[in-house]
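Working notes, beginning with the structure itself.
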Amino acid sequence: METISERYASVWDAISDTPAEALDRKMRSDLMIALKKIIKAKGWTRAEAAKHLGVTQPRLSDLLRGKISLFGLDSLVNMVAAAGHTVDVKVRDAA
């Protein structure tokens, strides 16, 4: 039995068809993690978090469960802004 082993720079590279798709998934993941940390730091209940972020509680549950495919970058950036934070983007040469 032959084993084929590939190495990837990240899990996003492993599950994505293109570098652009991997980058999009990584950015969405990073924003979702940041939002979870913001909610925890503010001590918001789920109801409070949903209200502050301008989403429904089921939508908030999707966020907290990490359902990345249900969120676009724009909606995540909007939620970060609604929580009173900003997002910085840096563009650099690919490695």
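Throughout, numbering of the chain's residues begins at 1 and tracks the sequence. It should be emphasised that the depicted structure is a prediction, and the values quoted were computed from it without experimental measurement.
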Nearest heavy-atom neighbours spanning Ile38 and Ala83: CG2-CB, 3.8 Å
Check whether Ile33 and Leu31 end up in the same hydrophobic cluster, where Ile, Leu, Val, Met, Phe, Trp and Tyr are linked by side-chain heavy atoms less than 4.5 Å apart. no
State, with a plain yes or no, whether a side-chain heavy atom of Leu23 is found less than 4.5 Å away from one of Pro19. no
I want to check something: taking the side chain as every heavy atom from C-beta on, are Val55 and Asp62 in contact at a cut-off of under 4.5 Å? no
Any donor-acceptor pair under 3.5 Å linking the side chain of Arg46 with the backbone of Ser61? no
Ile39 versus Glu48: any side-chain heavy-atom pair under 4.5 Å? no
Side-chain donor/acceptor pairs under 3.5 Å, residues 73-80, sequence neighbours excluded:
residue : atom : partner : partner atom : Å
Ser75   : OG   : Gly72   : N            : 3.4
Ser75   : OG   : Gly72   : O            : 3.0
Asn78   : ND2  : Asp74   : O            : 3.2

Measuring from atom CD1 of Ile68 to atom NZ of Lys26, what distance do you get when rounded to the nearest 0.5 angstrom? 10.5 Å
Indicate the atoms forming the closest heavy-atom contact of Leu60 with Ala50, along with that distance. CD2-N, 3.8 Å
What heavy-atom pair brings Trp44 and Leu53 nearest, and what distance separates the two atoms? CZ3-CD2, 4.3 Å
Interatomic distance, CD@Glu21 vs CG@Asp24, rounded to 0.5 Å, equals 8.0 Å
About how many Å separate OG1 of Thr45 and NZ of Lys51, when rounded to the nearest 0.5 Å? 10.5 Å
